[in-house]
Amino acid sequence: MLFTKALGKAVMDLSTAETVGTVAACTVAPSPARIAGLRLKTRGRGHHTLDWQDVQSFGPDAVAVEEAGRIRDEKNIGPDSHTHAAHDPIGKAVLTDTGLNKGTVIDVDFDERSGRVRHVLTEEEQIPGDEVLGVGGYAVVVAAPQ
């Protein structure tokens with residue numbers, strides 16, 4: 001699934017059957033590349049994050065979480081955590097580990113069951129998720145071609 005197709009998807013609390021937010025962004029952890037968390041737009045101020053491990057299911061119409069208590073306020077997430085907003089790859093430069101600029105991330109293709117990143121997409125190419133070495137505040141770093 002392309003992450004842009006997940007934007008705006010409802011996040012449902014299975015214990016109350018209520019919508020607790022909508023998907024606003026994702027964060028990615030490397031080695032192997034996977035979705036670490038979903039950034040949510042919720043009622044009220046600020047952003048909140050749902051760790052991928054707390055996603056019960058990622059369906060065609062909604063994301064299910066066992067209970068809303070699993071959603072964390074982003075203010076309580078440190079920059080060293082892969083669920084921190086700094087690890088959102090969309091709009092960031094893609095640089096190889098040798099310093100070559102490969103464009104800007106426009107989307108992430110991922111497996112909605114496991115969260116594994118299949119590809120990071122730029123305007124020019126699809127970079128295999130296995131080549132993602134890091135995601136930071138400035139760039140996504142990928143392995144240089146051999």
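What's counted below: heavy atoms across the whole structure, side chains too, no hydrogens, waters or symmetry copies. Numbers here simply count residues along the sequence, with the first being 1. This structure is a prediction, so every number in the text was calculated from the model and none was measured.
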Please enumerate all residues that pass salt bridge (Lys or Arg N to Asp or Glu O under 4.0 Å) together with [X], with sequence neighbours excluded.
X	answer
Lys102	Glu125
Glu67	none
Glu124	none
Asp54	Arg70

Minimum heavy-atom separation for [X] to [Y], with atom names?
X	Y	result
Val105	Val120	CG2-CG1, 3.6 Å
Asp107	Ile90	CA-CD1, 3.8 Å
Met12	Ala17	CE-O, 3.5 Å
Ala25	Phe3	C-CZ, 3.2 Å

Side chain to side chain donor-acceptor pair (under 3.5 Å) partners of residues 90-99, not counting sequence neighbours, each pair once: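 The answer is Thr96-Thr98.
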With Gln53 via side-chain contact (heavy atoms from CB on, under 4.5 Å) - residues at least two apart: Asp51
Residues which pass side-chain hydrogen bond (donor to acceptor under 3.5 Å, both in side chains) with Thr49, listed by chain and number, not counting sequence neighbours: Glu74
Those residues that, when tested against Thr19, pass side-chain hydrogen bond (donor to acceptor under 3.5 Å, both in side chains) (two or more places apart): none
Hydrophobic cluster membership, Ile71 vs Ile35, 4.5 Å side-chain cutoff: yes
Common cluster, Leu38/Met1, ILVMFWY with side-chain heavy-atom separation under 4.5 Å: yes
Counterpart residues, ring pair (Phe, Tyr, Trp, His ring centres under 6.0 Å), relative to Phe110 (two or more places apart): Phe58
Residue list, ring pair (Phe, Tyr, Trp, His ring centres under 6.0 Å) with His82, at least two apart or on another chain: His87
For residues 129-139, which side-chain N or O atoms pair as donor and acceptor with protein atoms under 3.5 Å away, sequence neighbours left out?
none

Asp111 side chain to Ser114 backbone, donor-acceptor under 3.5 Å: yes
Polar side-chain atom of His84 near backbone of Ala86 as donor-acceptor pair, under 3.5 Å: yes
Side-chain touch Leu121/Leu2, heavy atoms, less than 4.5 angstrom: yes
Any pair counted as salt bridge (charged side-chain N to carboxylate O under 4.0 Å, His left out), so long as it reaches residues 4-27, sequence neighbours left out: none
Distance in Å, Arg34 CZ paired with Cys26 SG, rounded so as to fall on 0.5 Å steps: 13.0 Å
Flag for Thr83-Arg72: side-chain donor and acceptor within less than 3.5 Å: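 There is such a pair (donor and acceptor under 3.5 Å, judged by atom type) between the side chains of Arg72 and Thr83.
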Flag for Thr27-Asp88: side-chain donor and acceptor within less than 3.5 Å: no
Identified side chain to side chain contact (heavy atoms under 4.5 Å, CB included) partner of Leu40 from the options Leu50, Thr22, Val65, Val63: Leu50
Single hit among Asp109, Ile127, Val28 for side chain to side chain contact (heavy atoms under 4.5 Å, CB included) with Val117: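 Single pass found, and it is Val28.
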